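First up is the structure itself, then whatever we jot down about it.
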Amino acid sequence: MQYNQAPQDRDNATYRWAFHLISNDPNRQILYGYSKKEGKREAADKQYLLISTLSRLLGPTNRYLIDKAWHMEIFRRQPAAVGFMEEKIADLYQDGYVLYGDTNLDLPLISFLESYYNAVKSGTFEQLIPVPKANAARQEAQDFTFQNNAYTNRQALVDHCRAMLHRYPRERVTAYWRAYCGKYHSEWLTAYQTEAPAHANETATPPSEAQATEKAMQRLHAKFGSVRQS
C-alpha cells in the first residue's frame with residue numbers, strides 16, 4: 001500500500017494536528033491528522049519529521065493555511081499509562097504563529113515558519129522549496145559539537161541540550177552535557193540540578209569518558225567537515 005493511502009496510526013504517531021477549516025458545512029469543521037501511517041516507519045529525527053510534515057501540508061501543493069483552513073493546532077504526543085499525554089506546541093494561523101514551551105528553542109522550526117510566512121506576505125509563496133531529506137549524520141555532528149568552545153554562555157548550552165531531548169535519548173544528551181562542561185566549563189556543573197536537562201547531582205565526566213565522547217564527535221566532523229553552530 002502506498003504511503004498516502006495507508007490509514008493514520010493514531011496509536012504510535014509523535015505528532016497530531018487539527019485544521020480548523022474554512023467551511024459552511026457543520027459536519028466538516030475540523031480535519032485531524034497524525035504524523036505516522038499504519039505499517040510505515042516514522043522518521044527517527046522528530047524535528048525533521050515535524051518540519052517536513054508542515055512543508056508538505058502548508059506548501060504550494062496542499063496550501064492548507066491559504067485555501068482550506070484558518071487555524072492549525074499542533075500537539076506532541078507521549079505514551080502514558082492509559083493512552084497518550086498530549087502537549088500543544090504550536091498554533092498556526094493564516095497571518096502568524098505562536099509556539100509554546102521549549103518549541104520556542106527549536107531554531108530550525110522557527111526558521112522554516114519565518115520563511116513560510118515571509119513568502120506568503122511577499123507573494124513568493126509558489127516558489128517555496130520543499131524541505132530536503134534530512135542528513136542525520138550531519139545533523140548529529142552539528143548537535144554534538146565540541147568545536148571551538150561553541151557555547152561560551154551556560155544558558156545557551158542548557159537550551160541547546162533541552163532542544164536535543166526531542167531528537168536523542170536523555171542519557172546521550174546528559175553525557176554530552178557532562179563531557180562538554182568537563183572540557184570547557186566545569187564550573188557550570190554547580191547549577192546542574194536546576195538548569196541542565198537531566199537528573200540532579202551529576203559530577204564532572206571523568207577525563208577518559210569526556211575524551212571518548214569528544215573523539216566520537218571528531219570522527220563525525222572529520223567526515224562531514226566544519227559544521228556551523230546555529
Side-chain angles (χ1 to χ4, degrees), residues 12-15 35-36 41-53 76-80 84-85 87 89 99 101-112 131 133-230:
N12 297 293
T14 300
Y15 298 104
S35 59
K36 187 179 183 302
R41 294 181 62 184
E42 192 180 76
D45 185 335
K46 303 310 178 186
Q47 181 188 60
Y48 167 76
L49 172 66
L50 178 58
I51 294 174
S52 62
T53 298
R76 184 166 53 227
R77 313 168 79 232
Q78 293 183 338
F84 281 84
M85 292 180 58
E87 171 192 13
I89 60 173
L99 302 180
D102 55 12
T103 308
N104 283 289
L105 305 174
D106 192 335
L107 297 183
L109 174 61
I110 293 171
S111 177
F112 166 79
V131 174
K133 186 175 181 180
N135 185 321
R138 187 180 296 276
Q139 179 66 50
E140 184 178 20
Q142 179 174 334
D143 285 340
F144 290 94
T145 182
F146 277 87
Q147 270 191 318
N148 303 323
N149 190 12
Y151 297 96
T152 55
N153 177 280
R154 182 179 63 193
Q155 190 59 46
L157 177 62
V158 170
D159 291 344
H160 175 65
C161 287
R162 283 176 173 158
M164 285 203 299
L165 287 173
H166 298 308
R167 303 193 292 281
Y168 305 100
R170 177 177 291 274
E171 293 77 11
R172 188 175 181 197
V173 176
T174 301
Y176 171 71
W177 162 273
R178 295 170 60 197
Y180 189 96
C181 291
K183 179 176 176 62
Y184 291 117
H185 299 284
S186 59
E187 71 278 9
W188 291 359
L189 290 165
T190 59
Y192 192 85
Q193 62 270 25
T194 58
E195 294 189 89
H199 301 297
N201 302 320
E202 294 284 353
T203 57
T205 301
S208 58
E209 183 179 338
Q211 291 169 5
T213 305
E214 181 179 1
K215 286 180 180 178
M217 293 304 102
Q218 286 175 343
R219 287 194 292 271
L220 282 170
H221 286 289
K223 183 173 182 180
F224 293 102
S226 177
V227 180
R228 182 178 60 84
Q229 177 66 48
S230 299

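Computed from a predicted model, the values in this text were never measured in an experiment.
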Can you measure from OH (Tyr15) to OG1 (Thr53) and round to the nearest 0.5 angstrom? 8.5 Å
Verify the distance criterion only: is there a donor paired with an acceptor across the side chains of Asn12 and Glu42 at less than 3.5 Å? no
Heavy-atom side-chain proximity of Gln155 to Asp159 below 4.5 angstrom: yes
Working to the nearest 0.5 Å, report the span between CZ of Arg162 and CG of Asp102. 8.5 Å
The single option from Ile89, Ile110, Asp106 passing side chain to side chain contact (heavy atoms under 4.5 Å, CB included) against Leu99: Ile110
Which atom names give the shortest non-hydrogen contact between Ala43 and Leu49, and what distance separates them? CB-CB, 4.1 Å
To the nearest 0.5 Å, what is the distance between CH2 on Trp177 and CZ on Arg170? 13.0 Å
Heavy-atom nearest pair, Trp188 first then Asn153, reads CH2-C, 3.6 Å
Non-hydrogen side-chain atoms of His185 and Leu157 separated by less than 4.5 Å: no
Sidechain-backbone polar pair: Arg77 side chain, Ala13 backbone, donor-acceptor under 3.5 Å: yes
Minimum heavy-atom distance Ala163-Leu105, with the two atoms named: CB-O, 4.3 Å
Once you round to the nearest 0.5 Å, how far does CE of Met85 lie from CD of Gln78? 7.0 Å
Minimal heavy-atom distance between Tyr180 and Tyr151, with the atoms involved, is OH-N, 2.6 Å
How long is the span from the CZ atom in Arg178 to the OG atom in Ser186, to the nearest 0.5 Å? 13.5 Å
